[in-house]
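To start, the structure under review is shown below, and the notes come after it.
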2 protein chains.
Amino acid sequence: MNAIDRLKNKGIKKTAHRLMFINILQKSAVALTEEDIKQDMGELYDRITFYRTIQTLLSAGIIHRIVIDNKNVKYALSEIAFRNHQHMHFFCKICHTVACIGEVPSYDYGLPTGYKGEEYEVLIKGICPNCG
Amino acid sequence: MNAIDRLKNKGIKKTAHRLMFINILQKSAVALTEEDIKQDMGELYDRITFYRTIQTLLSAGIIHRIVIDNKNVKYALSEIAFRNHQHMHFFCKICHTVACIGEVPSYDYGLPTGYKGEEYEVLIKGICPNCG
DNA sequence: GTTCAAATGAAACATTGTTTCATTTGCTTT
DNA sequence: AAAGCAAATGAAACAATGTTTCATTTGAAC
């Protein structure tokens, strides 16, 4: 789905800033940091608009925020959302790339009685093929 | 192990601020936010010292930072570290409590060829017994 | 094209992260 | 116990990030 349709689907206005934001994520195979996206935007980047664009796209469900730890926060389009949606994710300790590596195996995780599990996230940290 | 021994073990000075920080975590069954700890500290709290205490205790390995998402960051003593060390963790969507719920099952997670997994983290989000 | 609600971007303010440095504290040696 | 020294503290100040306000501009519906 293209950027225009993504916005139209959610009934929010298609502005230059939002379209560029989505297009940058669309072109990337991996999740991107704010800095990555900012760089790609060049002079269209504006700090306040950027801040609000993230909020808008997040609450519209068009993008997802992926928090590995307090120093590694990334964004991805919801289709290829790395955390949530029962996907497993791999974080490379060297290049800090986040990759989706398939579905969370659905088997018994042994949740104690009383707990109601709704989302299962598996994050594997290690060395990716490029760095290994 | 008590707070004094924890510091002595790592060869760092036992100061009032550090001892109080560790004791607060020690008394808690769940991981705590900065705000939680700050509240417990009362007037001994100091913003800059607190910031540095966290850095010191983290790099000494006495405490661990647990990042659920960008709005939920918690701290726990390393023994009961919730993420890392192959523990599974449960995050309650209602009360935002983080609880350790046992070991990560060691079975084949199906890591694609080329990837070298070193740490496996499982985070289950849902409703805890208190809120369910 | 006109209209109106929504988005923008400038300014300003709030919060959090971090460094600098003079003072104090904890720990070692005597 | 006292002295000496390196480390920790806390005040000040600065940097980076998060957020609101408001006048202006833009997108989309008519």
Side-chain angles (χ1 to χ4, degrees), chain A residues 2-25 31-75 96, chain B residues 2-25 31-75 96:
Chain A
N2 66 34
I4 291 176
D5 289 337
R6 284 175 191 274
L7 292 171
K8 205 175 288 176
N9 271 353
K10 302 292 179 176
I12 61 180
K13 289 188 180 174
K14 58 181 170 67
T15 67
H17 205 270
R18 291 174 186 168
L19 289 172
M20 173 161 270
F21 193 112
I22 295 173
N23 280 327
I24 288 167
L25 288 184
L32 300 176
T33 64
E34 289 195 11
E35 188 59 28
D36 293 335
I37 300 167
K38 170 182 175 177
Q39 292 303 329
D40 269 19
M41 279 192 169
E43 59 182 34
L44 190 60
Y45 174 83
D46 171 78
R47 207 174 80 85
I48 293 102
T49 305
F50 190 77
Y51 162 71
R52 283 188 284 218
T53 299
I54 288 179
Q55 289 189 142
T56 303
L57 298 181
L58 276 176
S59 61
I62 295 174
I63 63 171
H64 273 80
R65 180 189 276 132
I66 307 158
V67 180
I68 302 297
D69 56 48
N70 60 320
K71 292 290 181 194
N72 288 283
V73 179
K74 310 219 171 193
Y75 296 90
H96 294 188
Chain B
N2 66 33
I4 291 177
D5 290 337
R6 284 174 191 275
L7 292 172
K8 206 175 286 178
N9 271 352
K10 302 291 179 176
I12 60 180
K13 290 188 180 173
K14 58 180 170 67
T15 66
H17 205 269
R18 290 174 186 166
L19 288 172
M20 173 161 272
F21 193 113
I22 294 173
N23 280 328
I24 289 168
L25 289 184
L32 300 177
T33 64
E34 289 195 9
E35 188 59 26
D36 294 334
I37 301 167
K38 171 182 172 178
Q39 293 302 329
D40 270 19
M41 280 192 169
E43 60 182 32
L44 189 60
Y45 173 83
D46 172 77
R47 209 175 79 85
I48 293 103
T49 305
F50 190 77
Y51 162 72
R52 281 187 285 218
T53 298
I54 289 180
Q55 288 188 144
T56 302
L57 298 181
L58 276 175
S59 61
I62 295 174
I63 63 170
H64 272 80
R65 178 189 276 130
I66 306 158
V67 181
I68 300 297
D69 55 48
N70 60 320
K71 292 290 179 194
N72 289 284
V73 179
K74 311 219 170 192
Y75 297 90
H96 294 187

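In what follows, chains carry the letters A, B, and so on, assigned in the order in which the sequence lines appear, proteins first and then strands, with residues in each chain numbered from 1.
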In a check of side chain to side chain contact (heavy atoms under 4.5 Å, CB included) between Arg18(B) and each of Thr49(B), Leu7(B), Ile62(B), which one passes? Leu7(B)

What is the ring orientation for Phe21(B) with Tyr75(B), classed by angle as parallel under 30°, tilted 30 to 60°, or perpendicular over 60°? perpendicular

Residue closer to the 5' end of DNA chain D, Ile48(A) versus Asp46(B) (nearest nucleotide): Asp46(B)

Hey, which sits more toward the 5' end of DNA chain D by its nearest nucleotide, Arg47(A) or Ala16(B)? Ala16(B)

Whether the side chain of Asp36(A) engages the backbone of Thr33(A) through a donor-acceptor N/O pair (distance < 3.5 Å, no angle test) should be reported. yes

dT16(C), OP1 or OP2 - any side-chain N/O from Tyr51(B) closer than 4.0 Å? no

5′-ward residue of the pair Thr53(A)/Gln55(B) relative to DNA chain C: Thr53(A)

What does Lys71(B) touch in the nucleic acid at a heavy-atom separation under 4.0 angstrom: a base, only the sugar-phosphate, or nothing? sugar-phosphate

Considering every strand and a 4.0 Å limit on heavy-atom distances, what is the contact class for Arg52(B): base, sugar-phosphate, or nothing? base

Range on DNA chain D touched by chain A, heavy atoms, distance below 4.0 Å: dT17(D) to dA28(D)

Within the 3.5 Å criterion, strictly below it, is a donor on Thr53(B) or His17(B) matched to an acceptor on the partner's side chain? yes

Heavy-atom check, side chain of Ile37(A) versus side chain of Tyr45(A), under 4.5 Å: no

If I take atom CD1 in residue Ile54(B) and atom P in nucleotide dT16(C), what distance separates them, rounded to the nearest angstrom? 12 Å

When rounded to the nearest 0.5 angstrom, what is the spacing between NZ in Lys74(A) and CD1 in Ile68(A)? 7.5 Å

Short N/O separations, protein against nucleotides 27-30 of chain C, under 3.5 angstrom:
from, atom 1, to, atom 2, distance (Å)
dC27(C), OP1, Lys14(B), N, 3.2

Evaluate the criterion side-chain contact (heavy atoms from CB on, under 4.5 Å) for residue pair Gln55(B) and Tyr51(B); output intermediate values, then yes/no. CA-CA 7 Å; Gln55(B) 288 188 144; Tyr51(B) 162 72; 3.0 Å; yes

